[in-house]
S.K.: 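Below are the structure tokens for one structure; questions will follow.
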Amino acid sequence: MLKEELKKLISQKWNKISKKNDWPLIKWQDIPLENQAENRYGDYSSPLAFILSKKTKENPLSIAELLKNEMTNISPSLISKIEIAGGGYLNFFVSQEKLAEKLKEAYQKKEKFGFSSEGKNKKIIVDYSSPNIAKPMHIGHLRSTIIGEALSNLYEFLGYKVVRWNYLGDWGTQFGKLIASYKLWGSEKAIKENAINNLLALYVRFHKEEEKNPKLEKIGQEEFKKLEEGDKENKRFWLWFKKASWKEFGKIYQALNIKFDVVLGESFFNQKALSIISFLKKKKIAEPSDGALIVPLDKFGLPPALIQKSDEATLYLTRELAALKYRLEKYQPKKIIYVVGNEQDLHFKQLSALVKILGWGKKTELIHIKFGLVLSNDKKKLSTRKGEIVDLKEVINEAKEKAKKIIKEKHPQWPDKKIQKTGQIIAIGALKFNDLKEFRTADLVFNWEKMLDFSANSSVYLQYTYARINKIIAKAKRIGEYDLKLLNYPLEKLLIKKIIDFPEEIKNSAENYAPNNLAGFLLALADLTNKYYETVPVLKEKNKKRLNSQLVLLKTTASILKTGLKILGIETLREI
């Protein structure tokens with residue numbers, strides 16, 4: 001990476017100066033280096049002199065002069081000029097030769113540009129989506145699913161072996177309540193006709209009736225206890241509900257083009273959770289409290305972790321602990337990334353505290369990737385119990401219809417099959433990008449117009465830019481001999497620098513668990529590209545070498561747009 005090269009050079013020269021003056025050394029990783037938005041101020045700027053002046057007690061301008069003198073003419077193939085501005089800022093101008101060299105590297109590597117081997121032989125588990133069976137997947141599940149998929153793709157691009165894990169909510173008291181409601185009011189015919197919606201209706205009804213008749217809560221608990229103990233009838237109902245749910249989930253995952261390496265529910269870990277409870281009791285880590293079992297977490301500043309109810313039923317936290325033990329033993333991962341909403345913050349803090357008490361996975365980092373809620377238009381939390389969910393299937397279908405209508409108006413001559421396929425790619429991309437372009441911890445208000453916005457600052461804008469580049473390249477037919485040093489227009493230099501920054505953007509997006517950084521980068525790249533070929537008439541260029549060089553620049557840009565969108569889980573189109 002170009003910035004890395006420059007940082008290393010600055011560090012090398014500063015440390016040479018420091019040794020002479022007995023000043024502190026500095027690691028290249030600690031050197032601040034910012035991209036300049038305008039070429040006239042250089043390509044990169046650093047406030048390093050101000051930072052060093054605090055350590056050396058020297059004037060920042062003097063330090064900047066020392067560094068400039070030490071670096072001038074030392075590496076002309078990298079830096080063509082250094083200027084000092086603002087009383088000590090160092091502005092670096094990258095040589096045309098270096099820009100050409102880096103662009104050529106990106107062009108030749110194509111969609112592998114930015115790929116890294118830093119994660120070689122390292123495993124990461126990404127736990128995401130995790131819907132509850134017997135309930136429709138709703139708009140809130142979209143956030144976990146697409147953020148988790150984007151993070152998986154980012155780390156895979158950095159060379160890690162990523163295990164995509166869907167941890168289904170298929171166990172717990174709610175299933176006792178569902179079984180109870182089916183026994184009270186259910187119809188086999190209704191479930192067979194529309195399983196998931198009718199199961200949701202039963203679940204909602206149970207909670208409404210429970211408000212009038214509190215005894216129903218105990219009935220639900222008893223039905224779940226029977227399920228835990230292996231009651232044949234309850235187990236049959238549970239398996240039936242689970243199979244019907246997964247069939248519906250599968251359709252949504254197929255539409256979103258999401259695949260998992262592991263799909264396991266909480267139920268798989270129930271017996272393992274009982275073993276962990278026995279271990280915690282034996283080691284006197286757990287202690288009784290009002291008939292239940294808890295683990296005090298006072299030393300972590302947390303409330304006690306409830307690990308077993310008074311009726312000896314397991315809890316979500318206990319099963320999560322069992323799942324973690326299983327993952328550590330089977331995969332020995334470097335990281336386990338849990339893509340779960342903000343409201344589960346306490347749960348994961350308690351889980352991490354329990355892991356420290358048990359001494360597990362000392363080489364594994366547990367990371368809770370929080371994301372905000374999807375709120376109703378009046379900014380209230382959507383509740384499944386009250387039936388206030390926005391069905392994800394409905395959202396996907398609505399997006400497809402809207403996209404198909406737009407495509408049909410734009411290309412009435414296209415066959416229906418092409419309109420349908422293009423519309424689906426645009427719709428799914430729009431849904432994903434609408435979320436991924438925002439920082440994940442912010443709550444999102446559910447709004448149809450914003451969710452299905454196909455204007456600028458959207459995935460359609462990026463897909464259109466990609467298609468437009470391909471149209472230009474197709475008109476040129478072929479790319480002949482080129483000389484990338486001929487790309488010396490200001491806009492060309494800005495575009496090359498943006499391209500060069502792609503590997504660093506990938507790395508930063510992964511390290512900060514922030515797909516929105518990559519989304520923002522792609523939008524900025526598309527803005528520069530559109531500005532470029534609206535300003536510079538590429539196909540009218542008379543100099544053949546320069547024309548071919550421009551085509552190389554555009555083709556490389558298209559390649560990065562395609563790679564970046566693919567990492568975000570979005571397909572590109574050669575024609576829109």
S.K.: Is it the case that more than 12 heavy atoms not belonging to Tyr464 sit under 6.0 Å from its OH atom?
M.R.: no
S.K.: Step by step, work out the salt bridge (Lys or Arg N to Asp or Glu O under 4.0 Å) result for Lys102 and Glu105.
M.R.: CA-CA 5 Å; Lys102 289 295 180 180; Glu105 178 190 341; 3.8 Å; yes
S.K.: Does atom CG of Asp22 have more than 12 heavy-atom neighbours, drawn from other residues, nucleotides or ligands, at distances under 6.0 Å?
M.R.: no
S.K.: Report the C-alpha separation of Arg143 and Glu438 in whole Å, then their side-chain angles, then the decisive distance to 0.1 Å, and conclude whether the salt bridge (Lys or Arg N to Asp or Glu O under 4.0 Å) test is met.
M.R.: CA-CA 11 Å; Arg143 300 212 72 188; Glu438 306 293 342; over 6 Å; no
S.K.: To the closest 0.5 Å, what do you measure between CD1 (Ile84) and OG (Ser62)?
M.R.: 9.5 Å
S.K.: Between Trp28 and Lys8, is there a cation-pi geometry (under 6.0 Å to ring centre, at most 45° from the normal)?
M.R.: yes
S.K.: Which heavy atom of Ile147 sits nearest to which heavy atom of Arg440, and what is that distance?
M.R.: CD1-CB, 3.8 Å
S.K.: Does Glu575 reach the side chain of Thr422, with side-chain heavy atoms less than 4.5 Å apart?
M.R.: no
S.K.: Parallel under 30°, tilted from 30 to 60°, perpendicular over 60°: which one fits the rings of Tyr253 and Phe249?
M.R.: perpendicular
S.K.: Identify whether the distance between the nearest side-chain nitrogen and carboxylate oxygen of Lys566 and Glu111 falls below 4.0 Å.
M.R.: no
S.K.: Are Arg546 and Glu492 close enough for a salt bridge, meaning some N to O gap below 4.0 Å?
M.R.: yes
S.K.: Please give me the minimum heavy-atom distance between Leu518 and Ser509, naming the atom from each residue.
M.R.: N-OG, 3.3 Å
S.K.: Would Lys112 pass as a cation-pi partner of Phe115, given that its NZ or CZ must be under 6.0 Å from the six-membered ring centre and within 45 degrees of the axis?
M.R.: yes
S.K.: Please check if atom CD in Glu481 has more than 12 non-hydrogen atoms from other residues, nucleotides or ligands closer than 6.0 Å.
M.R.: no
S.K.: Rounded to the nearest 0.5 Å, how far does CD1 of Ile63 lie from NZ of Lys57?
M.R.: 11.0 Å
S.K.: Using the side chain to side chain donor-acceptor pair (under 3.5 Å) rule, take Tyr532 and Gln550 through it: C-alpha gap first, then chi angles, then the decisive distance, then the call.
M.R.: CA-CA 10 Å; Tyr532 175 60; Gln550 290 174 305; 3.1 Å; yes
S.K.: For a 4.5 angstrom cut-off between non-hydrogen side-chain atoms, does Tyr482 reach Lys104?
M.R.: yes
S.K.: Where is the tightest heavy-atom contact between Ile125 and Pro333, given as atom of each residue plus distance?
M.R.: CD1-CG, 4.0 Å
S.K.: How far does NZ of Lys418 sit from NE2 of His411, to the nearest 0.5 angstrom?
M.R.: 7.5 Å
S.K.: Distance from Leu2 atom CG to Ile499 atom CD1, nearest 0.5 Å?
M.R.: 13.0 Å
S.K.: Are any of the side-chain heavy atoms of Tyr160 and Lys120 separated by less than 4.5 Å?
M.R.: no
S.K.: Measure the acute angle between the ring planes of Phe157 and Phe502, then classify it against the limits of 30° and 60° as parallel, tilted or perpendicular.
M.R.: perpendicular
S.K.: If you define the side chain from C-beta out and look only at heavy atoms, does anything of Leu522 sit under 4.5 Å from Leu568?
M.R.: yes
S.K.: Does any non-hydrogen side-chain atom of Tyr461 lie less than 4.5 Å from one of Ser458?
M.R.: yes
S.K.: For the CD1 atom of Ile17 and the CD1 atom of Ile26, what is their distance to the nearest 0.5 Å?
M.R.: 11.5 Å
S.K.: Hey, are Lys98 and Glu101 close enough for a salt bridge, meaning a charged N less than 4.0 Å from a carboxylate O?
M.R.: yes
S.K.: Is any side-chain heavy atom of Val538 less than 4.5 Å from a side-chain heavy atom of Leu551?
M.R.: yes
S.K.: Can Glu401 and Lys404 be said to form a salt bridge (Lys or Arg N to Asp or Glu O under 4.0 Å), step by step?
M.R.: CA-CA 5 Å; Glu401 288 305 312; Lys404 276 165 36 181; 3.1 Å; yes
S.K.: Taking it one step at a time, do Thr145 and Ser129 satisfy side chain to side chain donor-acceptor pair (under 3.5 Å)?
M.R.: CA-CA 4 Å; Thr145 304; Ser129 196; 2.8 Å; yes
S.K.: Looking only at heavy atoms, what is the nearest atom pair of His368 and Gly341, with distance?
M.R.: NE2-O, 3.4 Å
S.K.: Going from CG on Leu486 to CG on Asn543, what distance comes out if it is rounded to the nearest 0.5 angstrom?
M.R.: 6.0 Å
S.K.: Does a salt bridge link Asp483 with Lys545, judged by any charged N lying under 4.0 Å from a carboxylate O?
M.R.: no
S.K.: Restricting to non-hydrogen atoms, name the atom on Tyr155 and the atom on Ile124 that form the minimum distance, rounded to 0.1 Å.
M.R.: CD2-CD1, 3.3 Å
S.K.: Determine the minimum heavy-atom distance between Ser18 and Leu25, stating which atoms define it.
M.R.: CB-CD2, 3.8 Å
S.K.: In terms of side-chain geometry, is the basic nitrogen of Arg164 or Glu149 positioned less than 4.0 Å from the acidic oxygen of its partner?
M.R.: yes
S.K.: For Lys531, what residues pass the salt bridge (Lys or Arg N to Asp or Glu O under 4.0 Å) criterion, not counting sequence neighbours?
M.R.: none
S.K.: Can the ring centroids of Phe113 and Tyr107 be said to lie less than 6.0 angstrom from one another?
M.R.: no
S.K.: How are the rings of Phe260 and Tyr128 set to each other: parallel, tilted or perpendicular (split at 30° and 60°)?
M.R.: tilted
